[in-house]
Protein chains: 2
Amino acid sequence: MSTVVDRPIRPEGAATGERVPFRANDDSGQWRIQTISAITGPELPAARYLHIGDGGPQHDPVWTLSAFVSNLRYTTALERKALQERQAGLGRAVTHHAVLIPIRKNPAWWSMAQDERREIYTRSDHTPIGLDYLPAIARQLHHCRDLGEPFDFLTWFEFADSEADRFRELLVRLRATEEWSYVDHEVEVWLTR
Amino acid sequence: MSTVVDRPIRPEGAATGERVPFRANDDSGQWRIQTISAITGPELPAARYLHIGDGGPQHDPVWTLSAFVSNLRYTTALERKALQERQAGLGRAVTHHAVLIPIRKNPAWWSMAQDERREIYTRSDHTPIGLDYLPAIARQLHHCRDLGEPFDFLTWFEFADSEADRFRELLVRLRATEEWSYVDHEVEVWLTR
């Protein structure tokens with residue numbers, strides 16, 4: 001397996017247009033897949049490894065999801081400041097665990113205008129909930145709705161072994177929000193280095 | 001030349017993930033290129049036709065720009081209602097003119113958070129200015145920043161011959177705004193059926 005390259009969380013303004021593939025396969029990858037569980041909607045097929053980025057496995061992947069990092073669509077300047085002051089980068093030596101959560105929101109969500117979506121995001125305490133778990137749980141959002149992918153977002157989390165229960169708590173809190181009532185496909189992929 | 005298919009303006013929620021190519025070439029296309037002028041930054045090379053979508057010209061294009069239709073990033077529900085009540089679809093028989101305006105905004109724009117960009121968008125009267133020219137000037141926004149393209153947006157306008165002067169007035173008004181001070185590459189491609 002290749003080593004994990006330390007990758008800082010991408011600054012919000014820094015869209016690169018770089019399409020990052022997440023390839024589940026039985027061959028090799030930076031991460032070993034522990035479990036794949038469908039939370040809402042259909043499952044993703046089982047595989048042994050997840051390889052992120054180019055290069056890597058020589059054989060056909062079991063599944064591939066692609067996404068790009070982009071500017072955030074709701075975060076205000078104040079929220080961004082609070083997040084940046086607390087967050088840690090990806091690829092830290094202590095973070096042996098990662099969870100990939102592909103998410104799709106339903107047509108009712110996407111038919112709303114920007115201010116309507118932002119209101120639900122605010123009422124759902126999306127940013128405050130995330131802040132409660134920083135810097136222990138590092139997070140990177142990848143967008144893929146505009147690529148014709150089966151999901152809208154690939155959310156990536158990294159944390160130390162000792163934080164796994166807190167991470168589960170974060171998920172319980174987010175999934176209880178009004179915003180999550182618009183999620184119609186969500187899968188949880190647990191990984192270790 | 002193939003005929004122009006009537007294409008309604010895409011509803012905002014309707015991202016398809018469909019990547020639409022705009023191919024300038026000397027072979028064929030739904031639109032004949034009249035002029036290409038750089039407003040800010042480098043020129044695009046001269047060509048005779050513009051073909052939009054798949055199929056079309058057999059030879060190598062002079063240049064290709066690709067983009068996708070997506071949900072709008074700033075428009076509020078009230079603004080959207082006002083726009084939808086007034087706007088006409090693309091491909092109307094009377095609209096013999098089209099203008100393709102590829103635009104890129106600078107890093108200062110993209111380093112701002114959502115609320116900061118929205119404030120400038122509002123102060124710049126972006127929506128009210130556009131409303132003044134509906135339904136005569138039909139408009140479709142395509143996004144491409146996240147595709148690693150040389151531009152961030154491909155803006156497409158269609159109007160009747162009699163509206164060309166009003167269209168030029170619309171451009172003068174938009175380019176005088178605070179929002180346009182963040183545009184660092186803009187090219188104007190005038191077309192006729």
Side-chain angles (χ1 to χ4, degrees), chain A residues 10-20 54 65-85 104-122 126-127 141-154 182 184, chain B residues 10-20 54 65-85 104-122 126-127 141-154 182 184:
Chain A
R10 293 278 185 82
E12 280 181 44
T16 59
E18 184 196 347
R19 190 168 172 158
V20 181
D54 294 324
L65 298 172
S66 293
F68 51 79
V69 174
S70 186
N71 58 299
L72 297 186
R73 317 295 200 208
Y74 306 106
T75 316
T76 64
L78 273 174
E79 289 168 345
R80 181 167 67 174
K81 187 164 179 288
L83 289 165
Q84 286 175 342
E85 280 170 2
R104 190 181 70 185
K105 283 175 172 167
N106 67 18
W109 174 264
W110 291 112
S111 70
M112 285 188 282
Q114 176 72 25
D115 58 332
E116 296 169 313
R117 284 180 273 112
R118 167 69 211 192
E119 267 174 44
I120 293 169
Y121 179 94
T122 307
H126 192 125
T127 300
L141 179 63
H142 306 79
H143 299 252
C144 45
R145 177 169 188 256
D146 294 313
L147 298 177
E149 289 278 312
F151 294 94
D152 295 334
F153 306 101
L154 305 182
Y182 294 92
D184 68 2
Chain B
R10 293 280 185 80
E12 281 180 44
T16 59
E18 184 195 348
R19 191 167 171 159
V20 182
D54 294 323
L65 298 172
S66 293
F68 51 79
V69 174
S70 186
N71 58 299
L72 297 185
R73 317 295 200 206
Y74 306 107
T75 316
T76 64
L78 273 174
E79 289 169 343
R80 181 167 70 174
K81 188 163 178 290
L83 288 164
Q84 286 174 342
E85 279 169 4
R104 190 182 68 187
K105 283 175 172 167
N106 67 18
W109 175 264
W110 291 112
S111 70
M112 285 189 284
Q114 176 71 25
D115 57 333
E116 296 170 310
R117 283 180 274 111
R118 167 70 211 190
E119 268 174 43
I120 293 170
Y121 179 93
T122 307
H126 192 125
T127 300
L141 179 64
H142 306 79
H143 299 252
C144 45
R145 177 167 189 258
D146 294 312
L147 298 177
E149 289 278 313
F151 295 95
D152 295 334
F153 306 102
L154 306 182
Y182 294 92
D184 68 1

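Chain naming here is simple, since letters A, B, ... match the order of the sequence lines and numbering starts at 1 in each.
To the nearest 0.5 Å, atom CG of residue Asp115(A) and atom CD of residue Glu79(B) are 7.5 Å apart. Atom OG1 of Thr76(A) is separated from atom CD of Glu119(B) by 10.5 Å, given to the nearest 0.5 angstrom.
With a 4.5 Å cut-off on side-chain heavy atoms, Gln114(A) and Gln114(B) count as touching.
Residue Asp146(A) comes nearest to Val69(B) through the heavy atom pair OD1-O, 4.3 Å, listed as atom of the first residue, atom of the second, then distance. Here the closest non-hydrogen pair linking Ala113(A) and Ala77(B) is CB-N, 3.3 Å. Across every non-hydrogen atom of Ser111(B) and Arg80(A), the tightest pair is O-NH2, 2.6 Å.
Inspection of the Arg73(B) and Asn71(A) side chains reveals no N or O donor paired with an N or O acceptor under 3.5 Å.
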Assess whether side chain to side chain contact (heavy atoms under 4.5 Å, CB included) is satisfied between Leu147(A) and Leu147(B), documenting all intermediate values.
CA-CA 9 Å; Leu147(A) 298 177; Leu147(B) 298 177; 3.9 Å; yes
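Residues passing the side chain to side chain donor-acceptor pair (under 3.5 Å) test with Tyr182(B), sequence neighbours excluded: none.
Only the backbone of Tyr74(A) has a heavy atom closer than 4.5 Å to any heavy atom of chain B.
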